[in-house]
Protein chains: 2
Amino acid sequence: MKLEILNNENHDIQKKIISAIRDLINHKNLEPGDKLPSERTLSEKFEVSRGNIREAIQKLEFYGLLESIPQSGTFVANIGITALNGMIEDILRLEEPDFKSLVETRILLELKTAQLAAIRRTEEDLQAIKEALDAYSEKVINGEDAVQEDLLFHLAIAKASRNSSMNTFMLIITPGIITNFEKYHVCDKNQAFLGIQEHTDIYAAIRSQDPKLAKEKMKAHFKILYQYCYNQ
Amino acid sequence: MKLEILNNENHDIQKKIISAIRDLINHKNLEPGDKLPSERTLSEKFEVSRGNIREAIQKLEFYGLLESIPQSGTFVANIGITALNGMIEDILRLEEPDFKSLVETRILLELKTAQLAAIRRTEEDLQAIKEALDAYSEKVINGEDAVQEDLLFHLAIAKASRNSSMNTFMLIITPGIITNFEKYHVCDKNQAFLGIQEHTDIYAAIRSQDPKLAKEKMKAHFKILYQYCYNQ
DNA sequence: TTGAGAAAACTGGTTAACCAGATTGGTTAT
DNA sequence: ATAACCAATCTGGTTAACCAGTTTTCTCAA
């Protein structure tokens, strides 16, 4: 399931189906563990293709609200009807994140991953971060574009944080960040040179296992982005 | 696409396909914008079903590395080969988040959403939070289980934070948290009664638009969970 | 009436055929 | 030589048929 990469038409259909499933659960008073009507039945009742039904169910499965068991059926997850209604409402309301949300979340995550990396990094992690840093520096010094190497430096830190959720979330927001960076031309050459020092500072803090300093240096690194984000 | 809800067999196949796609991109020196071989071709070459190929491509599409265009082809996204290799490596390495990662991430997100909610909440947001709080209190006072109402209170705050990414991430980690909560019996009745006061404090801080206080009260609310998480 | 057992119906998952639009290559007219 | 056209091919997306288990229903003996 893609989070929000559906075209508008399919998107609307899916929302309608999810609403319909919610209404059906409420109307039939289905409780946790109860079985939903079959995919075929639902596709008839809602007058959509079975594929659409499957997509919607998979989305709700992704958020832990339903569970499909092969050759048996789809069941309401072990979560109360109240929470289920609340979560479905939230899921339906979810919208494509704006750039500001992405940046805000990225900064939040990166300050934490820097902290955690300083505490938990292994020697291998440190080595990987160093290599990413060197690759970045070399590109910048040669006057080449270093967006990719910049990114990989930050992902190396996320990896070293040893937190699987944050690592995943970093990967999820990365494409959106990159796209918008290029769209709005947030970076420029001056920043790139300044970036070498900032990256080096972050690396040094993680190497010396100083979480507070690592967070501080990461914060400094994001200062311009932070301002850009909050001054428009 | 599900993040990590595939059975092991399919999971391994998908990882192999993603690796193979990466190798193919490297071997053929495909650059951003270049077209990948067709799904049918890949399914022959890798000796897997076309459905498997489609799933793998959709996953890489989800992370912004590929782009499928109907009736035309699948293209390498506008991201350099270096970043692409790095990100694929990370994606392949991603593992099911452990409970500690989930809790750590939840606390990070909730401290921020409380802050942001205090700043940005509308009157409607405040009203919704209040209703969630009242529903929670009533359940606890009646001695009933209030896990769902607890959850909805926190989701109401996430909604009021007006940050779409964080809201999404809260919804993503919620099922894992709930499951593990029940598995490890993190909550007990005493906490529930204490929770009323803590929730009320958080609500009051958000109402009076005091972000610092909101964060503080949320931190206090998570104190036990925090300790549970870091003392094992 | 009840129990077991078998067969029919139904389940989510998978596969292969089909679709409409895009692309390509060749042909022809200018 | 080149531009225009058209048909054959190829594309990702969609649909319908099929599959292997599960669940229900029916049958018939005890």
Side-chain angles (χ1 to χ4, degrees), chain A residues 1-18 20-21 24-25 28 30 33-78, chain B residues 1-18 20-21 24-25 28 30 33-78:
Chain A
M1 186 224 45
K2 312 163 195 175
L3 226 54
E4 292 292 334
I5 324 182
L6 300 159
N7 60 53
N8 281 334
E9 192 185 343
N10 274 359
H11 195 266
D12 285 349
I13 291 178
Q14 194 178 95
K15 284 198 171 187
K16 278 184 187 173
I17 295 174
I18 290 178
I21 290 177
L24 185 143
I25 290 175
K28 299 267 182 188
L30 297 187
D34 285 355
K35 186 155 82 170
L36 237 59
S38 73
E39 296 177 352
R40 289 168 182 81
T41 309
L42 292 178
S43 78
E44 278 186 45
K45 192 192 286 262
F46 301 158
E47 293 178 338
V48 294
S49 77
R50 194 181 152 204
N52 290 136
I53 298 284
R54 282 179 64 77
E55 274 183 42
I57 288 177
Q58 277 169 20
K59 182 157 188 172
L60 293 178
E61 223 177 331
F62 172 75
Y63 285 105
L65 302 182
L66 296 178
E67 184 180 9
S68 282
I69 296 178
Q71 284 91 34
S72 178
T74 302
F75 299 85
V76 178
N78 189 20
Chain B
M1 189 225 42
K2 311 161 196 175
L3 228 53
E4 292 291 333
I5 323 180
L6 299 159
N7 61 51
N8 281 335
E9 193 185 345
N10 275 358
H11 196 266
D12 285 349
I13 291 178
Q14 193 178 96
K15 284 197 172 188
K16 278 184 186 172
I17 296 174
I18 291 177
I21 290 177
L24 186 142
I25 290 174
K28 300 267 182 187
L30 297 188
D34 285 355
K35 186 156 82 170
L36 237 59
S38 74
E39 296 177 352
R40 288 167 182 83
T41 309
L42 292 177
S43 77
E44 276 186 46
K45 191 193 290 260
F46 301 158
E47 292 177 339
V48 294
S49 76
R50 195 181 150 204
N52 291 133
I53 297 284
R54 281 179 65 78
E55 275 184 41
I57 287 177
Q58 277 170 18
K59 182 156 187 173
L60 293 178
E61 224 177 329
F62 171 75
Y63 286 106
L65 303 183
L66 296 179
E67 185 181 7
S68 281
I69 296 177
Q71 284 91 35
S72 176
T74 302
F75 300 84
V76 178
N78 190 19

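Any value given below was found using the heavy atoms of this structure, including those in side chains, with hydrogens, waters and symmetry copies removed. Residue numbering restarts at 1 for every chain, and letters A, B, ... go by the order of the sequence lines.
- Applying a 4.0 Å cut-off to non-hydrogen atoms, the residues of residues 36-43 of chain A that approach DNA chain C are A:Ser38, A:Glu39, A:Arg40, listed by residue number.
- A close approach under 4.0 Å does occur between a side-chain nitrogen or oxygen of B:Thr74 and OP1 or OP2 of D:dG12.
- If you measure from atom CD of A:Glu67 to atom P of C:dG12, you get 13 Å, rounded to the nearest angstrom.
- Straight-line distance from the CD atom of B:Glu55 to the C1' atom of D:dG13: 15 Å, rounded to whole Å.
- Put simply, CG on B:Leu65 and CG on B:Asn78 are 12.0 Å apart, with the number rounded to the nearest 0.5 Å.
- Contacts of A:Gly51 with the nucleic acid, taken as non-hydrogen atoms under 4.0 Å apart, are absent.
- Atoms CG and NZ, on A:Leu24 and A:Lys45 in that order, are 5.5 Å from each other to the nearest 0.5 Å.
- In terms of phosphate contacts, A:Arg54 brings a side-chain nitrogen or oxygen within less than 4.0 Å of OP1 or OP2 of C:dG13.
- The minimum heavy-atom distance linking A:Glu61 with A:Glu67 is given by the pair CG-CA, 4.0 Å.
- In this structure the side chain of B:Thr41 never reaches within 4.5 angstrom of the side chain of B:Leu36, judged on heavy atoms.
- Atoms CD and CG, from A:Glu47 and A:Asn52 in turn, are 12.5 Å apart once rounded to the nearest 0.5 Å.
- Contacts of B:Ile57 with the nucleic acid, taken as non-hydrogen atoms under 4.0 Å apart, are absent.
- Rounded to whole angstrom, the span from the CD atom of A:Gln14 across to the P atom of D:dT14 amounts to 12 Å.
- Rounded to the nearest 0.5 angstrom, B:Glu39 CD and B:Ile53 CD1 are separated by 8.0 Å.
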Practice task
Encode nucleotides 20-25 of chain D as B, S and - characters from 5' to 3', where the letter depends on protein heavy atoms closer than 4.0 Å: B to the base, S only to sugar-phosphate, - to neither.
Solution key: BBSS--
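- One atom, CG of A:Leu60, and another, P of C:dG12, lie 14 Å apart when rounded to the nearest Å.
- Considering CD1 of B:Ile69 and NZ of B:Lys35, their distance stands at 9.5 Å, rounded to 0.5 Å.
- One distance of note links CZ of A:Arg50 with CG of A:Leu42; it measures 10.5 Å at 0.5 Å rounding.
- Between the CD1 atom of B:Ile69 and the C1' atom of C:dA20 there is a distance of 16 Å, rounded to whole Å.
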Just the table, please: protein N/O against nucleotides 6-8 of chain C N/O, every pair under 3.5 Å.
none

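- Rounding to whole angstrom units, CG of residue A:Asn52 and P of C:dG12 are separated by 16 Å.
- Residue B:Arg50 places none of its side-chain N or O atoms closer than 4.0 Å to OP1 or OP2 of C:dA16.
- Taking all atoms of both residues into account, the shortest heavy-atom contact from A:Ala77 to A:Gly64 is CB-O, 3.2 Å.
- A:Ile17 has its side chain out of reach of A:Ile57: every pair of non-hydrogen atoms, C-beta onward, lies at least 4.5 Å apart.
- Whole-Å rounding puts the A:Ile53 CD1 to D:dT14 P distance at 15 Å.
- Residues A:Phe75 and A:Gly33 come closest through the heavy atom pair CD2-O, 3.3 Å.
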